[in-house]
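Input: a single structure, listed below in structure tokens.
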Amino acid sequence: MPINHLNQTWILETSTTAYALGINTDGLLAHSYWGCLLPRLEDYPPPPVREKWASFNNAAHLTPEEYPIPHGMKFTQPGIMVRFADGVRDLRVRFDSFEEQKGATPELSMHFQEEHYPVRLNLHYRLYETEDLIERWVSITNFGDDPIELQRILSTSWNFPSGDRYRLSHLTGKWNDEMHLHRELLTPGIKVLESRRLTTSHHHNPWFAIDEGNASEAQGRVWFGTLVWSGNWKIEAEVTDFDSTRVHIGLNDWDFAWQLKKGETFTTPPALAGFTTDGFGAASRKFHNHIRDHLIPHGNTPHQVLYNSWEATSFNVNETSQTELAEIAANIGVELFVVDDGWFHGRNDDRAGLGDWWPDEKKFPNGLTPLIKKVNDLGMDFGLWIEPEMVNPDSELYRSHPDWVIHFPNRPRSESRNQLILNLARTAVRDYLFTVIDNLLTTNDIRFIKWDMNRNVSEPGWPDAPGDPREIWVRYVEGLYDLWGKLRNKHPQVIWQSCSGGGGRADLGILRFADQIWVSDNTDATARLSIQEGFSQVFPAITMESWVTDVGKDLLPLEFRFHVSMCGALGIGAHLAHWSEDEQKEAAKHIADYKKIRQIIQFGDQYRLLPTKNDGLTAIQYLSKDKYEGLLFVFRTFLPDPINPQRVFPRGLNQNAIYKMDVEPKPRSGKAWMETGLQFDLENFQSSMRYFHKIN
Ligand code: DGJ
């Protein structure tokens, strides 16, 4: 049974893991277990109760609370903080009831009643049994007449077995250099990771993994999680003075406030997490499966090979420049031709035009239709770039509605890339954007949209907000989801890509709307190797758009650049007209190869065999779900000679099946390949792709 209930304890079971909680004898909802599935329900520990230890700590302080509620004497991190109308800032809740919902993704809701005020707090759980994942979120309803101020409301606290040797893995970076993996031991205190930028950010990603300091890619106990949200977020990894380790995750409480009025409910975004004994690789694959099977709108459709003209023509977009590129793109096998920035009204550089989403009259005197027709006649679909959330002060939109941007009165409006942010919390703004983008998609045959967002917030004001203006942090993101959702529903034929100057909005929240993420503006293939590896901790290859460009071409062979991009959804971003005939021919061959194997990459399991930190030799494997066929990609960056390259050991193969590996003369059993590995003798900046398949 996925959800089991025994005397005020609840045991949530997935295919290989279990999570247990219960009301302890002090009346607190305590966490009691998260780990491997145990044979009998009686095997799970009861909800813990800890004795009061000293006058400096009360008993509740010592107990791993399922969702820490701040009342009495507690100094650990709370899940929630409220202020009642009479000034009371203390929340006391008592367990009231629970409900269970059966189905493909079973749910448990637990209801708690405030002891004095007419307020109900609900903890929600949803199980994804096959992927061993648990989703948690919280809602709170005000049944009283007076508003309540929410000052902090996280989605969840995840508790780990008592101990003080936990290691935190997380992803950090910056624009053009996202998604670097860090691992560090947690020590008493709080490690904070967050975004205050209105979007998820290039700087940290709302993902964590916790292990006992000894997990590897292939083995070890790992707890891992993320937040399904695209705005300000916070992770607090806390080790208490009693060696209790928790990860709190949810909306950032920095500058957060929410007026919960009579009859209203506030619901947090979901937090998703899982447990595995099979190391970081298995943790990633569980998220990959979940994202593909439950989140992205077109999880069963392979991505087309696309061409994007941004690095070739920048803002110099017109029918002639794009047709020249489209003809070559079609010749080498591209399936989708995407026109990036520069096509719309008044857009000749980044100083003007954002907001005016109709074709520039000088560049496209007859609209986009003639170009789209040419692209379609060449056998390709057509895609377009937009940046709906932004406006240049030099635009017709801003001249008509200067009050639509996020701003404080009596303060300058700080521009970044000469642009300001439209306040998507406002209905009028969303209505305008829906109308113009809907019109664009209705009057043109557009099959792909790259949705960009090229700055972070400043002066986060909302002068005529109906409630507390600080609600903007949440209402903006809800507005974005509302707008994107309506456009998606009206135009289901469109594949959407989430871009925010590269990977500034890479999260599970946006992947309910977008099928792909533009991971980084950095298209140097060697830099890309580690950015892509960081990305793969959370996201599957199908969501990773990756272009072959001219960056680093003097050092990096075209094949190397192709191999790096073939590890995701392949795209080309180079100036094709500058490629020689030989280069075009070689590109055509790689594209044809990719089309044959993309099923394995986009829908298979990914294994990070040799991580990029491995001194210049990186190896990645993709294996079809039925273990019938797979691919090995190996990259050598710079390694001073002489070297004796490490062997590459495939993983996940069917042990007794016989596999034939490209180039290698002799077929061998899966077990033999995995135990003895392969040697790749590569030169500096050389790469190799090997296909293998079962022969029995
Ligand atoms: C930032 C994106 O990441 C680039 O790929 C490109 O679309 C530019 N914006 C266009 O302004």
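Both backbone and side-chain heavy atoms feed into the values below; hydrogens, waters and symmetry mates do not. Numbering of ligands and ligand atoms starts at 1, following listing order. FYI, the numbering just counts along the sequence from 1.
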| field | Contact with ligand 1 for Arg417, non-hydrogen, under 4.0 angstrom | value | yes

| message | With a 4.5 Å cut-off on side-chain heavy atoms, are Glu335 and Met380 touching? | response | no

| request: Check Ala312 against Leu325 and note the closest heavy-atom contact, atom names and distance. | output: CB-CD1, 4.1 Å

| task | Indicate whether the side chain of Glu559 and that of His590 have a donor and an acceptor atom separated by less than 3.5 Å. | result | no

| said: Can you confirm, on distance only, whether ligand 1 has an N/O atom lying under 3.5 Å from any N/O atom belonging to Phe315? | reply: no

| field | ligand 1 atoms in contact with Trp518 (distance to a heavy atom under 4.0 Å) | value | 3 (O), 5 (O)

| task | Decide yes or no for Ile620 and Gln606: does some side-chain heavy atom of the first lie under 4.5 Å from some side-chain heavy atom of the second? | result | yes

| query | Which residue holds the protein heavy atom closest to atom 9 (N) of ligand 1, what is that atom called, and what is the gap in Å? | reply | Asp452 OD2, 2.7 Å

| task | Using a 4.0 Å heavy-atom cut-off, say whether Asp350 meets ligand 1 through its side chain, its backbone, both or neither. | result | neither

| Option nearest atom 6 (C) of ligand 1 (shortest heavy-atom distance, choices Val338, Asp340, Asn308) | Asp340

| Test of proximity, Asp341 against ligand 1: N or O pairs below 3.5 Å | yes

| Check: Asn308 and Lys450 side chains under 4.5 Å, non-hydrogen atoms | yes

| field | For Cys499, atoms of ligand 1 separated by under 4.0 Å from a heavy atom | value | 2 (C), 3 (O)

| task | For Asp431, check salt bridge (Lys or Arg N to Asp or Glu O under 4.0 Å) against everything at least two apart and list the hits. | result | none

| query | Applying a strict 4.0 Å limit to heavy atoms, is Lys450 in contact with ligand 1? | reply | yes

| note | If you scan protein heavy atoms around atom 3 (O) of ligand 1, the nearest is Asp521 OD1, 2.3 Å

| query | What do you reckon, is CD of Glu581 surrounded by more than 12 foreign heavy atoms closer than 6.0 Å? | reply | no

| task | Enumerate the atoms of ligand 1 whose separation from the nearest heavy atom of Gly501 is less than 4.0 angstrom. | result | 1 (C), 3 (O)

